[in-house]
Protein chains: 2
Amino acid sequence: MESDIATPVKGRPREFCVDKALAEALHVFWAKGYDGASMADLTEAMGITKPSLYAAFGNKEALFHKALDLYETEKLEYTRAALDQPTARKVAEYYLHGALMTHAGTTDPKGCMGLLSSLACSPEAESIKADVLGRRASSQRALVERFERAKAEGDLPAHVDAQGLTSLLYALLQGISVQAGAGATMDELERLVDTGLALWPSA
Amino acid sequence: MESDIATPVKGRPREFCVDKALAEALHVFWAKGYDGASMADLTEAMGITKPSLYAAFGNKEALFHKALDLYETEKLEYTRAALDQPTARKVAEYYLHGALMTHAGTTDPKGCMGLLSSLACSPEAESIKADVLGRRASSQRALVERFERAKAEGDLPAHVDAQGLTSLLYALLQGISVQAGAGATMDELERLVDTGLALWPSA
DNA sequence: TCGATTATATACCGTTCGTTATGGAAAGCG
DNA sequence: CGCTTTCCATAACGAACGGTATATAATCGA
């Protein structure tokens with residue numbers, strides 16, 4: 001997928017790096033959510049003025065979608081890599097520890113950008129919510145299929161509900177994000193994960 | 001706890017019911033969150049004008065705190081009643097089924113009002129977030145103590161981490177609220193709850 | 001060097017936000 | 001009836017919102 005940001009050959013060259021600016025915008029959206037991030041917040045963090053932002057990214061909504069792309073490819077890569085783990089239990093471990101690092105670490109904002117922006121939905125930002133929910137649904141479908149395969153391969157008991165287990169694992173991820181954003185310590189969240197993994201169904 | 005809304009003996013009587021208006025305000029805050037609920041939304045739903053609202057409730061922030069009181073006493077009563085259940089497993093069942101009814105039912109807005117308003121935190125609404133987080137922390141403390149008691153009474157295995165189990169149960173509640181707000185069906189959420197209870201530690 | 005083209009900077013647009021001042025209507029008390 | 005008190009309705013406040021018009025600066029091909 002190519003970037004749709006034109007780089008002309010004529011005229012005055014832009015004085016900022018589009019990728020750097022987008023990374024800064026991602027941090028603002030991550031910390032404040034779509035509605036909570038104002039254009040003033042964004043331009044200040046990106047180090048550019050509003051006309052430059054609009055010329056380079058279109059508008060606030062288009063900027064968010066591009067930032068969400070970056071978030072998914074860079075920060076949620078663990079959710080895709082988890083599916084390659086050999087057993088359902090290791091899939092869950094990969095998911096949960098990935099969530100700890102990504103959503104409760106110290107370098108990036110606490111919590112999940114998608115969760116934040118899908119809940120705080122101003123009526124005019126319906127396409128934002130739809131984008132986030134669509135990506136989440138496709139991730140969840142892939143996990144259901146992975147757990148179905150695990151049942152077929154015998155590393156999940158036959159009686160477990162793959163759909164229910166997927167919803168439960170996602171609930172844990174969402175709870176981790178919520179509690180991380182609410183100020184829970186890393187120790188508390190690790191104990192949450194350890195308790196969850198101790199209950200994980202064994203074949 | 002007495003209502004701090006004065007009811008004078010002289011002067012023109014107010015033409016609306018304070019309790020009815022507060023219940024309507026609660027629904028707006030519940031559906032949209034603190035920042036997402038505008039004064040226009042609130043006055044329209046409450047059927048009163050802005051000066052009446054300010055005279056009766058103070059301002060938007062005070063109105064939210066009063067609505068949160070109502071929410072806690074009427075809608076979150078199940079989290080207190082759950083602690084009276086005889087075993088830790090029944091406590092968890094009460095919590096989870098209560099969350100299904102309250103946060104995924106058809107009569108009230110989907111999701112959890114506190115979760116919504118604690119995540120979407122405009123910088124000037126810090127007292128809102130603090131209020132919600134304080135109530136949640138006190139609820140969680142009570143649950144930890146209940147699970148400690150369950151371990152002493154033998155209906156929870158001695159090796160389980162009461163703090164971790166509490167965080168896990170709250171994560172499930174939060175995940176239920178998130179997924180309910182995202183459009184999950186009641187069937188999906190019931191399977192989430194059933195899967196979680198199937199994994200519940202037995203003595 | 002000269003237009004053509006594009007980026008930046010400043011200032012402004014209309015709208016909505018939470019909040020309040022102003023003026024009149026309705027009740028209790030003398 | 002007056003007088004006071006309280007309520008309701010209209011309109012306005014300053015600030016912040018997302019988004020732009022305008023003018024100037026910088027770089028291209030010719």
Side-chain angles (χ1 to χ4, degrees), chain A residues 3-22 24-25 28-29 32-67 117 120-128, chain B residues 3-22 24-25 28-29 32-67 117 120-128:
Chain A
S3 170
D4 54 350
I5 299 169
T7 53
V9 292
K10 294 199 295 187
R12 174 177 175 177
R14 66 163 47 93
E15 298 176 356
F16 65 94
C17 171
V18 173
D19 293 332
K20 288 277 184 189
L22 183 58
E24 294 299 328
V28 176
F29 281 130
K32 303 195 165 194
Y34 179 74
D35 288 326
S38 72
M39 295 301 295
D41 294 330
L42 291 164
T43 53
E44 186 188 6
M46 299 165 82
I48 63 178
T49 59
K50 283 198 273 184
S52 298
L53 190 156
Y54 276 82
F57 299 100
N59 58 10
K60 184 184 180 183
E61 183 177 326
L63 176 63
F64 181 87
H65 290 299
K66 291 182 174 65
S117 292
C121 47
S122 67
E124 69 271 8
E126 205 61 33
S127 86
I128 298 297
Chain B
S3 170
D4 55 350
I5 299 168
T7 52
V9 292
K10 294 200 295 188
R12 175 178 174 177
R14 69 162 48 92
E15 298 176 355
F16 64 94
C17 171
V18 173
D19 293 332
K20 289 278 183 189
L22 184 59
E24 295 298 328
V28 175
F29 280 129
K32 302 195 166 194
Y34 179 74
D35 287 326
S38 71
M39 295 301 296
D41 293 331
L42 292 165
T43 52
E44 186 187 6
M46 299 165 82
I48 63 178
T49 59
K50 285 196 267 186
S52 298
L53 190 156
Y54 276 82
F57 298 100
N59 60 8
K60 184 184 179 182
E61 183 178 326
L63 176 62
F64 181 87
H65 290 297
K66 292 183 174 67
S117 293
C121 47
S122 65
E124 69 270 7
E126 204 61 33
S127 87
I128 299 297

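In this model, the phosphate group of D:dC7 is approached by a side-chain N or O of B:Arg14 to a distance below 4.0 Å at OP1 or OP2. Between A:Ser38 and D:dC17 there is a side-chain polar atom (N or O) within less than 4.0 angstrom of OP1 or OP2. Residue A:Ser52 has a polar side-chain atom (N or O) positioned under 4.0 Å from OP1 or OP2 of C:dT8.
Using a 4.5 Å heavy-atom threshold, the side chains of A:Glu15 and A:Ser52 count as separate. Between B:Leu63 and B:Leu22, some side-chain heavy-atom pair lies under the 4.5 Å cut-off. At least one side-chain heavy atom of A:His65 sits under 4.5 Å from a side-chain heavy atom of A:Ser127.
Protein atom OH of B:Tyr54 is 17 Å distant from nucleotide atom P of D:dA9, rounded to whole Å. The distance from atom CD of B:Glu44 to atom P of C:dC17 is 12 Å, rounded to the nearest whole Å. When the P atom of C:dT8 is taken as reference, atom CD1 of A:Ile48 falls 7 Å away, rounded to whole Å. The distance between atom CG of A:Asp35 and atom C1' of D:dC17, rounded to the nearest whole Å, is 11 Å. Atom CD in A:Glu15 sits about 11 Å away from atom C1' in D:dT27, given to the nearest Å. In this structure, B:Glu124 atom CD and D:dA15 atom C1' are separated by 11 Å, rounded to whole Å. If you take CZ of B:Phe16 and C1' of D:dC7, they are 9 Å apart, rounded to a whole angstrom. B:Leu53 has its CG atom 16 Å from the P atom of D:dT10, to the nearest Å.
Proximity note for A:Met39 (side chain, C-beta onward) versus C:dG24, D:dG18, C:dT19: the nearest is D:dG18.
With B:Phe29 as the aromatic partner, B:Lys60 does not meet the cation-pi criteria of under 6.0 angstrom to the ring centre and within 45 degrees of the ring axis.
With hydrogens and angles left out, the side chain of B:Lys50 and the base of C:dT20 share no donor-acceptor pair within 3.5 Å.
Judged by closest nucleotide on DNA chain C, A:Thr49 is the one of A:Thr49 and B:Pro13 placed further toward the 5' end.
At the heavy-atom level, A:Ala37 lies under 4.0 Å from the strands shown only through sugar-phosphate atoms.
A:Met46 approaches A:Phe57 most closely through the heavy-atom pair CE-CE1, 3.6 Å.
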